[in-house]
Amino acid sequence: MSRTRDSDACPGALQVHQAADGALLRVRLPGGMISAAQLAALAGAAQEFGSGTLELTARGNLQLRAISDVNAVAQRIAGAGLLPSATHERVRNIVASPLSGRVGGNADVRPWVSELDAAICGEPRLAELGGRFWFSLDDGRGDVSGLGADLGVYALPDGQASILLAGRDTGLRTTDVTASLVEIALRFVDVRGKAWRVTELASIDDLLPGAELGAGWPAAKAPVGWIPQDDGKVALGAAVPLGVLPARVAEFLAAIEAPIVITPWRTVLVCDLSEEVADVSLRVLAPLGLVFDENSPWLTVSACTGSPGCAQSASDVRADVTAALDPAYPVHRHFVGCERACGSPPTGEVLVATGTGYRVLRS
């Protein structure tokens, strides 16, 4: 499949998208990891210069909408240490197993996140990847492999890692994750032609000659609720309805002063808590709208921005989803305002607004 645009329009912290409600910028968070101070800085910027909300994305990043002063917000982002490379800031798309190093898994992939991020930023040619290309680092539990990243690894018990393309095993193994992923990403830059994504290549033989792709992984559930860590501490997993986090709630999260992970399921993990702090935090955060029930219907729906934020949308999608919550619905539903189907997950139903209702775009 050929790309539909000759230029990369994916927003970043410096290259913004002009949406119907104003400038939108996206902050890349490799591995979804963000400190309390960094989250507080983004929350402050959203309140002072934007919509007063932070949006969680399907790749564990954060978006700010309706920005009135793009330069001022970019300075805040850089000052918080979230903009290490102006040339590569849109290609730092790294998703990792959110609980890695804290609960289970065959390997702690957090060091791989920082190593891969540094290697991407250090290779000038990888700035050509574009903002939609992304990497996954799965610690062996199979959670992020099922999301279908362009290029990834799956940690094996013997210290090796399987190399994945589009979320499928290639049969290739590596003991040097960063070097292997950078090498293949550079090869993609060489052969991509008009493709932005691995799935848009005419043949994977152009990328990995002779590779035979195996089956993909099933979709994983978001880690939600009270999660005991292997070290005796606690992580709290909170669903954020429709991925829209009020900046004021983000400030409460930051006030806990604990490591935070934004997951690709648009949830938040607050990690390394004592039981006492976790109990108090849960009692404070739940009344603010964060969801700690793994059976909540909010975990069965997602949506694009919709109207009025997107001029392409045929409906106020988020309002429609709120009205259509159904805990008994058998599959995940993603509601979108137009056929571009932004933010669609790899599995479940995608429902597109028609102006008079919704029809199934994909099931």
Side-chain angles (χ1 to χ4, degrees), residues 8 10-15 25-39 41-42 54-64 74 77-102 105 107-139 143-145 147-155 161 164 167 176-186 188 223 243 258-272:
D8 178 20
C10 196
L14 302 177
Q15 175 177 302
L25 59 81
R26 185 175 299 156
V27 183
R28 266 63 178 187
L29 305 176
M33 295 182 286
I34 186 171
S35 71
Q38 289 171 331
L39 182 61
L42 293 183
L54 302 174
E55 294 183 342
L56 284 61
T57 79
R59 295 175 188 172
N61 297 318
L62 288 173
Q63 292 184 166
L64 286 76
I77 293 169
L82 292 168
L83 189 60
S85 171
T87 55
H88 289 65
E89 59 103 1
R90 289 186 299 152
V91 301
R92 300 170 61 239
N93 294 307
I94 304 171
V95 170
S97 297
L99 288 169
S100 191
R102 293 185 168 99
D108 183 353
V109 303
R110 290 176 295 179
W112 296 354
V113 173
S114 57
E115 291 169 9
L116 179 58
D117 187 28
I120 291 170
C121 292
E123 172 50 66
R125 291 175 58 216
L126 289 185
E128 301 175 38
L129 282 176
R132 297 171 60 206
F133 190 100
W134 60 297
F135 301 83
S136 66
L137 302 173
D138 193 310
D139 69 0
D143 54 356
V144 298
S145 292
L147 299 174
D150 292 279
L151 182 56
V153 294
Y154 175 92
L164 314 181
D176 191 335
V177 166
T178 295
S180 297
L181 293 180
V182 168
E183 178 185 353
I184 300 171
L186 285 169
F188 177 81
I260 295 167
V261 180
I262 307 299
T263 82
W265 301 280
R266 297 182 175 94
T267 66
V268 176
L269 287 172
V270 187
C271 305
D272 302 343

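Keep in mind it's a predicted model, so treat the numbers as computed, not measured. Heavy atoms only: backbone and side chains are in, while hydrogens, waters and symmetry mates are out.
- Listed here is the closest heavy atom pair of Arg110 and Met33: CG-SD, 4.2 Å.
- Atom CG of Leu126 and atom CD1 of Ile120 lie 6.5 Å apart (nearest 0.5 Å).
- Taken from CG in Asp176 to CD in Glu115, the straight-line distance is 8.0 Å, to the nearest 0.5 Å.
- Heavy-atom minimum distance, Phe133 versus Arg59: N-NH1, 4.4 Å.
- Contact between Trp112 and Ala155 at its shortest, heavy atoms only, is CH2-CB, 4.0 Å.
- Remark: the backbone N or O of Asp139 is not paired with any side-chain donor or acceptor of Ser100 at under 3.5 angstrom.
- Side chains of Pro124 and Thr87 form no contact here, defined as non-hydrogen atoms less than 4.5 Å apart.
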Check your understanding: Which is it for Leu99 and Asp143 under the side chain to side chain contact (heavy atoms under 4.5 Å, CB included) test, yes or no, and what are the steps along the way?
Key -> CA-CA 10 Å; Leu99 288 169; Asp143 54 356; over 6 Å; no
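- In this structure, Asp150 does not pair ionically with Arg132, as no charged nitrogen and carboxylate oxygen lie closer than 4.0 Å.
- In terms of modelled atom types and a separation under 3.5 Å, the side chain of Glu89 and the main chain of Leu14 share a donor-acceptor contact.
- Between atom CD1 of residue Ile94 and atom CG of residue Leu116 there is a gap of 4.0 Å, rounded to the nearest 0.5 Å.
- None of Ile262, Leu64, Asn61, Leu83 except one satisfies the side-chain contact (heavy atoms from CB on, under 4.5 Å) rule with Val27; the exception is Leu64.
- Only one option out of Glu55, Gln15, Gln63 pairs with Arg26 in a side chain to side chain donor-acceptor pair (under 3.5 Å); it is Gln63.
- Looking at Leu181 and Leu137, their side chains come closer than 4.5 Å, going by heavy atoms from C-beta outward.
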Practice item. Begin from the C-alpha positions of Leu164 and Ser145 and carry the test side chain to side chain contact (heavy atoms under 4.5 Å, CB included) through to its verdict. Key: CA-CA 8 Å; Leu164 314 181; Ser145 292; 3.4 Å; yes
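- Between Leu56 and Arg266, the shortest heavy-atom contact is O-NE, 3.2 Å.
- Nearest heavy atoms, Cys10 versus Arg28: SG-NH2, 3.4 Å.
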Exercise for review: Give the intermediate values and the outcome of side chain to side chain contact (heavy atoms under 4.5 Å, CB included) for residues Leu129 and His88.
Suggested key: CA-CA 9 Å; Leu129 282 176; His88 289 65; over 6 Å; no
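- Considering all non-hydrogen atoms of both residues, Pro98 and Val144 come closest at CD-CG1, 4.3 Å.
- Contact annotation: the side chain of Ser136 never approaches that of Leu147 to less than 4.5 Å [non-hydrogen atoms, C-beta and beyond].
- Between the side chain of Asp8 and the backbone N or O of Gly131 there is at least one donor-acceptor pair closer than 3.5 Å.
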Review point. What do the steps show when you test Asp117 against Phe135 for side chain to side chain contact (heavy atoms under 4.5 Å, CB included), and what is the final call?
Key: CA-CA 10 Å; Asp117 187 28; Phe135 301 83; over 6 Å; no
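- Using a 4.5 Å heavy-atom cutoff, the side chains of Asp138 and Ser97 are in contact.
- Among Leu82, Leu29, Ile77, Leu62, the one residue that satisfies the side-chain contact (heavy atoms from CB on, under 4.5 Å) test with Gln38 is Leu82.
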